[in-house]
Structures are given as structure tokens and as C-alpha cells.
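Heads up, the thing below is written out as C-alpha cells.
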Amino acid sequence: MNKLFFNISLLLFPLLALAEEKTEKESISLEQAINRSHRNSVDFHIAVFQAKNSYWTYRNFVSKYRPQLSVDGELPNYNRSIRPITQPDGTDVFKSQNKIISTGNLRLSQALPWTGGNFSVYSTLRRIDEKAGENPGTTYSSVPFSVSYNQNNIFYNPYKWERRIAPLKYEESRKEFVEKMEAISIKTVDRYFNLLDAQITQEIALQNHYNADTLYKITKERFKLGKVQENELLQLQMSLLNAQKNLSEANITLRQRQQAFNLFLDYPQEKQVNLAIPEEFHQFSVNIETAMREAQSNRQKIIEFERRRLEVAEEMARTKGENGLRVGVRASFGMSQTGDNILDSYVDPLSQEQVAITFAIPIVDWGVARSRRKNAQARKELVEFQIKQEQQDFEQIIFTEAMKWELEKEQYKIAQQTKEVAMRRFEVTKERYLIGKITTTDLNLAMQEKDQAIKTYMNRMKSYWNAFYTLRMLTLYDFSMESKIQMEDLIGVDWID
């Protein structure tokens with residue numbers, strides 16, 4: 001009995017040594033790894049900068065439809081040249097010019113989204129310094145105020161379409177950011193369980209090597225006493241050699257996966273961590289209708305569909321507006337005056353008005369306008385069918401993942417029970433072998449079943465958590481908390497700085 005206790009203690013010693021080694025490393029959970037990847041991974045920083053770019057693009061769009069106040073001009077414009085000057089009798093005479101023209105404009109402009117034109121109010125002051133010629137001197141010209149309106153094409157209003165599409169693009173980018181964060185969670189799950197699997201595989205390989213070495217030594221002593229046959233001793237020697245090979249492979253795999261894990265989470269390359277096996281188990285069920293409703297309400301793809309429909313509709317409107325009769329409008333009203341000094345140029349200003357209606361009518365274009373319209377129409381129909389197909393694929397994926405979740409829960413529980421049974425069976429088989437009740441073949445079979453059960457358990461756990469976060473990414477809904485996943489929940493308020 002004492003000999004049996006001693007042998008079992010030898011077999012358990014590697015696990016105790018390994019547990020001692022673990023206490024010297026940092027232990028992190030799956031939740032901690034995901035939180036770190038949401039702050040430190042390269043994927044996170046890329047997602048943030050893309051979100052910032054979308055935010056400032058949207059802010060630029062909003063600002064464009066507010067009044068714009070600007071100052072421009074030329075200070076100075078020096079011109080010294082010989083130019084033909086038309087005389088009162090209609091002849092041209094080449095004369096030397098030497099002048100400095102200085103101009104300043106103060107302009108307040110406003111885009112009018114209801115019409116597609118631009119309205120502006122401006123004031124201008126111009127000074128001309130003649131340095132040569134018959135009448136050298138300085139004169140001023142002023143436009144105290146002028147009101148103008150300009151619209152290139154009354155049949156196509158680009159502002160109307162931009163005001164409908166730009167907010168969708170911004171909302172789409174916000175949804176896309178949340179999806180990218182959930183995608184980061186999925187990548188973290190993948191790297192987490194890859195490393196966890198490598199750590200457990202290395203533990204198993206270390207334990208199996210120690211067991212094989214100890215059993216070989218015990219059996220060797222029995223062989224000397226004539227209690228076992230040489231064939232059984234050779235079997236254990238083969239098991240020891242295989243255990244050495246498996247341990248070497250496990251150590252290399254562990255180093256590789258530790259490096260990949262550290263790179264993704266921005267840990268130092270030399271850092272080693274022990275990963276905790278997640279104990280949390282979500283029991284919630286997913287209703288197909290709820291998953292579909294939340295996906296339709298939350299996903300970026302749904303907004304993308306609407307945005308693409310509007311873009312092809314805009315293309316149709318632009319094609320029709322620019323390839324048929326085109327009518328434009330320019331109008332202005334203001335006051336102007338000239339004088340030898342600044343004050344005189346503002347005395348008794350005279351009115352000035354301008355109204356112009358432009359038009360263009362294609363007469364013979366050899367079918368260019370018609371082909372453009374047909375092309376735009378074909379693109380519109382193509383996009384509609386593409387969206388319809390993508391919508392069907394989208395709904396199928398949601399349905400599949402919702403069904404998969406129920407399967408993953410069940411498979412995870414079965415794998416957990418199988419692992420516990422296999423480990424218990426191995427312990428019983430090992431004890432029976434040590435007292436000579438069973439053969440080496442039975443012991444090896446129990447060890448293989450135990451190792452396979454642990455590997456299957458780890459794979460099922462990885463699939464379970466992958467399904468959990470995939471469902472979150474596809475619906476942007478946390479079924480465990482019964483709440484929508486919002487951008488503000490994932491990132492701080494100062495991310496725009």
C-alpha cells in the first residue's frame with residue numbers, strides 16, 4: 001500500500017511543479033484579454049482612426065450648410081506690361097502700363113439645399129495706383145453691398161441628395177465601429193483559446209512524459225524480477241519516446257502561440273501569461289425573431305442597403321438632369337461707386353443689377369445621353385438585385401448562427417462531462433496498472449482517451465465563445481444582458497480629440 005502511494009505521488013509530482021511555476025506568471029481571464037484588445041490592439045486603433053475620419057467628414061458636411069464668412073483679395077497685384085488699348089475711334093494702340101491693383105472682398109455665403117443654389121452677400125473695395133500714362137494717380141472703386149444667387153442646373157439638386165446620404169454614411173460608420181469591436185473580440189477569443197490549448201497541451205505532454213518515464217522505470221524493475229514480459233517493457237519504452245517527441249512539439253507550439261497572443265494584445269514579447277479557463281456559462285436561448293429584429297435594427301449592413309439605393313437614385317437624377325435640357329440662373333443686385341479717395345467711393349452709390357438665364361440643349365449627340373440614362377437605369381436595377389441577394393444571405397447567416405448557438409451550448413456541456421469521465425477513468429486505470437491488474441495496452445488506451453477528451457473539450461469551449469461573440473457581432477445585441485451594444489459603451493467620450 002505504501003509502495004502504491006509512493007508511485008502515485010511520483011506521477012502527480014509534475015502537476016504540482018507546474019502549478020508552482022504558474023504562480024510566478026500573470027494570470028488573465030478571457031474578459032480581461034478582450035478588454036485589453038479593445039484598448040491596445042492594432043485593430044482597435046485602426047477602427048478608432050476610421051471612426052474619427054468618418055466623424056470629421058460628417059462634421060464637414062454639417063458645417064457646409066451653415067453661413068460661411070470669408071475675406072479674400074489681392075494685396076497687391078502689380079502689372080507692368082505693354083498692352084493694346086482700344087481708342088475712341090475703334091483702333092488699337094499699344095501702350096505701356098504700370099499699375100498696382102489692390103482688392104479686398106468680404107463675403108457671406110449660404111448654400112440653399114432646397115433649391116440647389118448658392119446665395120451670397122458681399123462687399124468689395126478696389127484701389128488702382130497708376131504709375132505711368134497720361135493720368136497717373138490713385139482711384140478707388142467700391143461695392144458697399146451686393147446680393148447674388150447662382151444655380152448651375154435647376155433640374156438637378158446635389159444638395160438634396162447629399163443631405164439624405166451623408167447622415168446615413170455617418171450612422172453606418174458608427175455601426176461599423178461597433179461591429180469591428182465585436183470582430184476584435186472574436187479574434188481575441190481565437191488567440192486566447194489557441195494559447196490556452198497550447199498551454200494545456202504542454203501540461204498534458206509534460207505529465208504524460210513524466211508518467212511514461214516513471215512507468216518505464218517501474219516496469220524495468222519488474223522485468224528484472226521476471227514479473228513482466230519484454231514486449232510490455234518495449235511498449236512502455238516506445239510510449240516514453242513518443243512522450244518526449246510530443247513534449248518537444250508542445251513546447252514549440254506554446255512559444256509560437258504565446259508570441260501571436262502578445263503581438264495582438266500589445267504585450268512585451270518576453271512576457272508569459274497563464275490563461276484561466278472561463279467558468280462563466282451563458283444559459284440564455286436565442287429567439288430567431290428577436291435576433292432577426294435586432295439585426296435589422298442595429299446592423300451597419302441595413303443602413304448600407306438604404307445608402308446604396310439612394311446613391312443609385314442620385315446617379316439616375318444626375319444623369320437625367322445633365323443629359324437633357326439644362327437651365328441655370330445667375331442674378332445679383334448691389335450698389336457701386338468710384339472716387340479719388342475711399343470716402344468718395346462710398347458717396348451716392350449707383351445701383352447695379354445682373355440677371356442671366358443659361359441653357360443648353362443637346363441636338364445631335366449620337367445617343368450619348370440615351371446610353372448614359374440606360375446605363376444608370378441598369379446600374380439601379382443591378383444594385384436592387386444585389387441588395388436583395390445580400391439581404392437573403394444576411395438573414396440566412398442570422399438564422400444559422402442563432403440555431404448554432406443552441407447546438408454549441410449542448411455540445412459544450414457534453415464535452416465537459418466527457419472530459420470529467422475520461423479523466424476519472426484514466427486515474428482508475430493508472431491505479432489498476434500500478435497494482436498489476438491490467439496491461440500496458442489498456443493504460444495507453446485510457447491515456448489517449450483522456451487526452452482526446454480534453455482536446456475536444458477545449459475545442460468545444462472555443463467554438464462556444466466564438467459563437468457567443470459572433471452572435472453579438474451579427475446582431476449588435478447582447479442577449480446575456482438583453483441590451484443593444486452602443487458605440488458609447490465601447491469607447492470613451494474623449495476619443496474624438
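Remember, predicted model here, so these are calculated numbers, not experimental data.
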Under a 4.5 Å cut-off applied to non-hydrogen side-chain atoms, are [X] and [Y] in contact?
{"X": "Glu31", "Y": "Pro278", "result": "no"}
{"X": "Tyr267", "Y": "Ile28", "result": "yes"}
{"X": "Lys380", "Y": "Glu315", "result": "no"}
{"X": "Ile303", "Y": "Lys175", "result": "yes"}
{"X": "Val273", "Y": "Leu275", "result": "yes"}
{"X": "Thr103", "Y": "Thr124", "result": "yes"}
{"X": "Tyr469", "Y": "Ile34", "result": "yes"}
{"X": "Leu474", "Y": "Phe394", "result": "no"}

All side chain to side chain donor-acceptor pair (under 3.5 Å) counterparts of [X], not counting sequence neighbours:
{"X": "Ser146", "answer": "Tyr122"}
{"X": "Thr429", "answer": "none"}
{"X": "Glu410", "answer": "none"}
{"X": "His282", "answer": "Glu280"}

[X] side, atom [atom1]; [Y] side, atom [atom2] - distance, nearest 0.5 Å:
{"X": "Arg299", "Y": "Ile398", "atom1": "CZ", "atom2": "CD1", "value": "6.0 Å"}
{"X": "Gln258", "Y": "Gln272", "atom1": "CD", "atom2": "CD", "value": "6.0 Å"}
{"X": "Ile154", "Y": "Thr115", "atom1": "CD1", "atom2": "OG1", "value": "10.5 Å"}
{"X": "Thr201", "Y": "Leu195", "atom1": "OG1", "atom2": "CG", "value": "10.5 Å"}
{"X": "Ile186", "Y": "Asn466", "atom1": "CD1", "atom2": "CG", "value": "6.0 Å"}
{"X": "Phe264", "Y": "Ile184", "atom1": "CZ", "atom2": "CD1", "value": "6.0 Å"}

Exercise for the section: Decide yes or no on side chain to side chain donor-acceptor pair (under 3.5 Å) for Asn323 and Thr319, but give the supporting numbers first. Expected result: CA-CA 6 Å; Asn323 289 275; Thr319 301; 4.9 Å; no

Practice task
Evaluate ring-ring contact (aromatic ring centres under 6.0 Å, His included) for Tyr159 paired with Trp114, printing each intermediate quantity in order.
Solution key: CA-CA 8 Å; Tyr159 298 152; Trp114 310 279; 10.0 Å; no

Exercise for the section: Begin from the C-alpha positions of Glu401 and Ile397 and carry the test side-chain contact (heavy atoms from CB on, under 4.5 Å) through to its verdict. Expected result: CA-CA 6 Å; Glu401 289 298 326; Ile397 292 173; 4.3 Å; yes

Problem - Residue pair Met458 / Phe193: nearest heavy atoms and the distance that separates them - result: CE-CD2, 4.2 Å

Handout entry: Minimum heavy-atom distance Ser120-Arg107, with the two atoms named
Key =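 So the two residues come closest at OG-NH1, 4.2 Å.
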
Any donor-acceptor pair under 3.5 Å linking the side chain of [X] with the backbone of [Y]?
{"X": "Ser173", "Y": "Tyr170", "result": "yes"}
{"X": "Lys462", "Y": "Asn194", "result": "no"}
{"X": "His209", "Y": "Leu240", "result": "no"}
{"X": "Asn118", "Y": "Leu112", "result": "no"}
{"X": "Arg36", "Y": "Leu265", "result": "yes"}

Does a donor on one side chain sit under 3.5 Å from an acceptor on the other, for [X] and [Y]?
{"X": "Gln50", "Y": "Ser54", "value": "no"}
{"X": "Ser148", "Y": "Ser332", "value": "no"}
{"X": "Thr188", "Y": "His38", "value": "no"}
{"X": "Asp72", "Y": "Asn105", "value": "yes"}
{"X": "Gln151", "Y": "Tyr149", "value": "yes"}
{"X": "Gln396", "Y": "Gln392", "value": "no"}

Quick one: list whatever passes salt bridge (charged side-chain N to carboxylate O under 4.0 Å, His left out) with [X], sequence neighbours left out.
{"X": "Arg330", "result": "none"}
{"X": "Arg370", "result": "none"}
{"X": "Arg293", "result": "none"}
{"X": "Lys180", "result": "Glu176"}

Using distance only, find each side-chain donor-acceptor pair of residues 61-69 under 3.5 Å and give its atom names and separation, not counting sequence neighbours.
residue: Ser63; atom: OG; partner: Arg59; partner atom: O; Å: 2.9
residue: Lys64; atom: NZ; partner: Glu162; partner atom: OE1; Å: 2.8
residue: Lys64; atom: NZ; partner: Glu162; partner atom: OE2; Å: 2.8
residue: Tyr65; atom: OH; partner: Glu162; partner atom: OE1; Å: 2.6
residue: Gln68; atom: NE2; partner: Ser63; partner atom: O; Å: 2.6
residue: Gln68; atom: NE2; partner: Arg66; partner atom: O; Å: 2.7

Problem - Pairs satisfying salt bridge (Lys or Arg N to Asp or Glu O under 4.0 Å), at least one member in residues 263-274, at least two apart - result: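 Salt bridge (Lys or Arg N to Asp or Glu O under 4.0 Å) check on residues 263-274 returns Glu26-Lys271.
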
Problem - salt bridge (Lys or Arg N to Asp or Glu O under 4.0 Å) contacts in which one or both residues fall within residues 240-260, not counting sequence neighbours - result: Asp197-Arg257, Lys245-Glu249

Practice task
Not counting sequence neighbours, which residues clear ring pair (Phe, Tyr, Trp, His ring centres under 6.0 Å) with Tyr477? List them please.
Solution key: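 Checked Tyr477 against ring pair (Phe, Tyr, Trp, His ring centres under 6.0 Å); matches are Phe479.
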
Problem - Presence of salt bridge, Lys301 and Glu304, under 4.0 angstrom - result: yes

Handout entry: Within 45° cone and under 6.0 Å: Arg191 NZ/CZ vs Phe261 ring
Key = no

Handout entry: Step-by-step side-chain contact (heavy atoms from CB on, under 4.5 Å) determination, Gln391 to Gln296
Key = CA-CA 10 Å; Gln391 179 75 35; Gln296 294 283 352; 2.7 Å; yes

Handout entry: Verdict with supporting geometry, Lys455 and Ile200, side-chain contact (heavy atoms from CB on, under 4.5 Å)
Key = CA-CA 9 Å; Lys455 294 286 290 184; Ile200 292 178; over 6 Å; no

